[in-house]
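Data block below; observations after.
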Amino acid sequence: MEKINLSLKGIRVDEMTFKLNAVRQQPKMELKPTFSRRVRRAVENEKMIFVSLTVKIEKTEESPKPFDLEVTYTGLFESDATDEASRRAAVIEGTKIIYPYLRAGVTTLTTAALAAPIVLPVVGGSIFPEDNEPESDGLYS
């Protein structure tokens, strides 16, 4: 992966929701969180990028959950990325920087809701499989 200059300028919580569901808890219930990411560039400054990470745990008919949860954090980064490869590297690195904050937010939210604290796993690599693939089709610009 290409080496880039990336600095975190700020971080914010966009959403933290927790909703209790009327579901009987089973001994081996799997929560299976889903992750998503949104990347935006600042219009007024080409060097600034916003990387938003969201984690959701939602009940479905086939997979009941004791609660629904959604947490979104956004980081503002300054980067010297100028081409597609360096922009991709900046997004991947930004994701790695924000993830621990998202992880802590989920634990804090579930604890504050007086539920069993949910601790997302520590991720040594990438959360998103596409970050491990060779360069893709302009996804990061």
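We find the CG-OG distance between Asn5 and Ser79 to be 7.5 Å, quoted to the nearest 0.5 Å. Atom CD1 of Ile49 is separated from atom CZ of Arg87 by 9.5 Å, given to the nearest 0.5 angstrom. Expressed to the nearest 0.5 Å, how far CD of Glu70 lies from NZ of Lys19 amounts to 12.5 Å.
Here Arg12 pairs with Asp14 under the salt bridge (charged side-chain N to carboxylate O under 4.0 Å, His left out) rule; sequence neighbours left out. Here Tyr101 pairs with nothing under the ring-ring contact (aromatic ring centres under 6.0 Å, His included) rule; sequence neighbours left out. Under the side chain to side chain donor-acceptor pair (under 3.5 Å) criterion, Arg38 pairs with no residue, sequence neighbours left out. Contacts of Asp80 classified as side chain to side chain donor-acceptor pair (under 3.5 Å), with partners at least two apart in sequence or in another chain: none. Checked against salt bridge (charged side-chain N to carboxylate O under 4.0 Å, His left out), Glu78 has the following partners two or more places apart in sequence or in another chain: Lys9. Thr95 pairs by the side chain to side chain donor-acceptor pair (under 3.5 Å) definition with Arg37, not counting sequence neighbours.
A continuous path of ILVMFWY side-chain contacts below 4.5 Å connects Leu109 to Leu31, so both sit in one hydrophobic cluster.
Taking 4.5 Å as the limit, some side-chain heavy atom of Leu102 sits within range of a side-chain heavy atom of Phe35. The side-chain heavy atoms of Ile97 and Leu6, taken from C-beta on, include a pair separated by under 4.5 Å. With contacts defined as side-chain heavy-atom distances shorter than 4.5 Å, the pair Ile11/Leu76 does not qualify.
Heavy atoms only, all atoms of each residue included: Phe67 and Asn21 are closest at C-ND2, 3.3 Å. Across all their heavy atoms, Ala81 and Ala90 have their closest contact at CB-CB, 4.5 Å. Taking each heavy atom of Pro33 and Leu120 in turn, the nearest pair found is CG-CD2, 4.0 Å. Of all non-hydrogen atoms in Ile98 and Gly75, the two that sit nearest each other are CD1-N, 3.4 Å.
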Discussion item. The test is side chain to side chain contact (heavy atoms under 4.5 Å, CB included); show your working for Met48 and Arg41 and say whether it passes.
Written reply: CA-CA 6 Å; Met48 304 304 278; Arg41 291 209 159 281; over 6 Å; no
Report, one line per pair, each donor and acceptor closer than 3.5 Å where one atom sits in a side chain of residues 50-61; sequence neighbours left out.
{"from": "Ser52", "atom 1": "OG", "to": "Thr74", "atom 2": "OG1", "distance (Å)": "2.6"}
{"from": "Thr54", "atom 1": "OG1", "to": "Thr72", "atom 2": "OG1", "distance (Å)": "2.8"}
{"from": "Thr60", "atom 1": "OG1", "to": "Ser63", "atom 2": "N", "distance (Å)": "3.0"}

Donor-acceptor contacts, no H, no angles, side chain residues 110-119, under 3.5 Å, sequence neighbours left out:
{"from": "Thr110", "atom 1": "OG1", "to": "Val106", "atom 2": "O", "distance (Å)": "3.0"}
{"from": "Thr110", "atom 1": "OG1", "to": "Thr107", "atom 2": "O", "distance (Å)": "3.1"}
{"from": "Thr110", "atom 1": "OG1", "to": "Ile118", "atom 2": "N", "distance (Å)": "2.9"}
{"from": "Thr111", "atom 1": "OG1", "to": "Thr107", "atom 2": "O", "distance (Å)": "2.7"}

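Screening residues 110-131 for ring-ring contact (aromatic ring centres under 6.0 Å, His included) gives no qualifying pairs among residues at least two apart or on separate chains.
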